[in-house]
Amino acid sequence: MPQRDGALSPEFWSRSSMAAALATCDMAVIVEEVRLARGWSQGELARIVGYSQSWVSRVVNGQQSLTVDQVREVAERLEVPIHLLRFARATAPGRGAEPTRRREFGRVVAAAAVTLPAMAAMSVDIDENTAAALRAITGSQRRLDAMAPARDLAGAAASHLDLITTTLERSGRTPYAPQIAAAASEAAGFTAWLHNDMGDAGSARHHYRASIAYARRAHNSLLTAYMVGSLAAFEIDSGDPELGLSLTREAGRHLGPDAHPTARAWLACVRALGHSSIGAAAAASRDIALAEAGVNRRDNTDPPWPWVFAFDQAKVAGYRALTGVRLRRPHDARTAFREAFDGAGPAGKQGAVLQVELASAHADAGDVDEAFRLATEALGVGVRMRSERVIGRVRRFRRAYRGPRARSVREFDERLPELLSGS
């Protein structure tokens, strides 16, 4: 029955449909769900929120863009728990009417808020939509990772993982348990990625292992291969390529011979990184050739979950460039980097990591000024985004450099303490 008076129950806000709407800041769904739960007509709803009925109708039908301030205002008047949206920071004067032209902004803001400890304490109704709603939150957090420091996301990611694991335990032997376990695997893998970016290798390993355990609990061989392969890439990146290669073999056993081309091409590239890290040039070249053949296959359709993007020639070229750096083949590496980026420079934290790799290729080729220009730019990104992973890569690059102490090198050395200290 409609509930016209009093606060709506916690169960209402944690229902899978509402959790998904909160995770994507879908105000059309939120407003309509509240209206139905209260038993209001559209006219009554319009009076409550203080807008015209036609405006409310356009919102419900997804035809009306809301400003950030309007989202906050409507949420407060409908008594949406404000911590679920976390529009707590006041808008600067003169900017309150800036439209949210892309729903993505609202999605990532909501994703950061919907996983607070208060949410984790809620009881989630378990049905066929639960796993999708939980995965939607992780997906929003993953998109936010491109523009936010990992330290700012780690708390929300941990709370969300707690929520999923609690929900998984409650799911028992229901038919929904495997899908929820898969959602837990993805969330644990993302949490591992955040800890890696923060320079906490121990916690990253712990969460990668948890992600593998959840994937096995989900009885999903493709997801298991993805998580084992992600741990392999982490170990190779951390300086243990032999262990990483052993893990790629385990991941390959989970994939099987008939896996999607994206999965096989990606794993071949991870193997190539491992082989190039131990100087096995022929094996690395074979792996890259296998990846290139995979991405050119006609059946290389949209990637399967949990892969997000198609694994195309540009992605393989990026890995070919990385193997060239490790094999001290700077000219091959620089050619491959140009092919990978096609004139557009890499962006964000991952882009900064690649810039350091490109800087190494330039340094090996004797182009010192360009090498240290790239390293300086990458360091700036690492400091701004508080990414220990990026900062560590830059420092490693500087320690490995043994070339002439050119002016660009001296300027870099002078700026390094200033950037790291924030002075």
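Contact detail for R326 and S276: the closest heavy-atom pair is CD-OG, 3.4 Å.
Sorted by first then second residue, the salt bridge (Lys or Arg N to Asp or Glu O under 4.0 Å) pairs that include residues 209-227, not counting sequence neighbours, are E169-R217, R216-E250. Listed by first and then second residue, the salt bridge (Lys or Arg N to Asp or Glu O under 4.0 Å) pairs that reach into residues 399-408 are R405-D413, R407-E411, sequence neighbours excluded. Every pair passing salt bridge (Lys or Arg N to Asp or Glu O under 4.0 Å) that includes a residue from residues 251-279 is listed here, sequence neighbours excluded: R271-D287. Applying the salt bridge (Lys or Arg N to Asp or Glu O under 4.0 Å) test to pairs two or more places apart or on separate chains, those with a residue in residues 172-186 are R142-E186. Sorted by first and then second residue, the pairs that involve residues 367-412 and meet ring pair (Phe, Tyr, Trp, His ring centres under 6.0 Å), not counting sequence neighbours, are F372-F397, F372-Y401, F372-F412.
A donor-acceptor contact closer than 3.5 angstrom links the side chains of N296 and Q313. In this model, a donor atom of one side chain and an acceptor atom of the other lie less than 3.5 Å apart for Y51 and E73. A donor and an acceptor atom, one from each side chain of Q355 and E377, are located under 3.5 Å apart. Using modelled atom types, one finds no donor on one side chain facing an acceptor on the other under 3.5 Å when comparing R373 with T376.
When atom types are taken as modelled, the side chain of H254 and the backbone of L223 share no donor-acceptor pair closer than 3.5 angstrom. Between the side chain of S140 and the main chain of A136, a donor-acceptor pair closer than 3.5 Å is present. With K349 contributing its side chain and D145 its backbone, the two residues share a donor-acceptor pair below 3.5 Å.
For W266 and Y226, the ring centers sit closer than 6.0 Å to each other.
At least one side-chain heavy atom of H207 sits under 4.5 Å from a side-chain heavy atom of L161.
Legend: residues meeting ring-ring contact (aromatic ring centres under 6.0 Å, His included) with H275, ordered by chain and number and at least two apart, are absent.
Within a 6.0 Å sphere centred on CZ of R395, heavy atoms belonging to other residues, nucleotides or ligands number 12 at most. Atom CZ of R77 has more than 12 heavy atoms from other residues, nucleotides or ligands within 6.0 Å.
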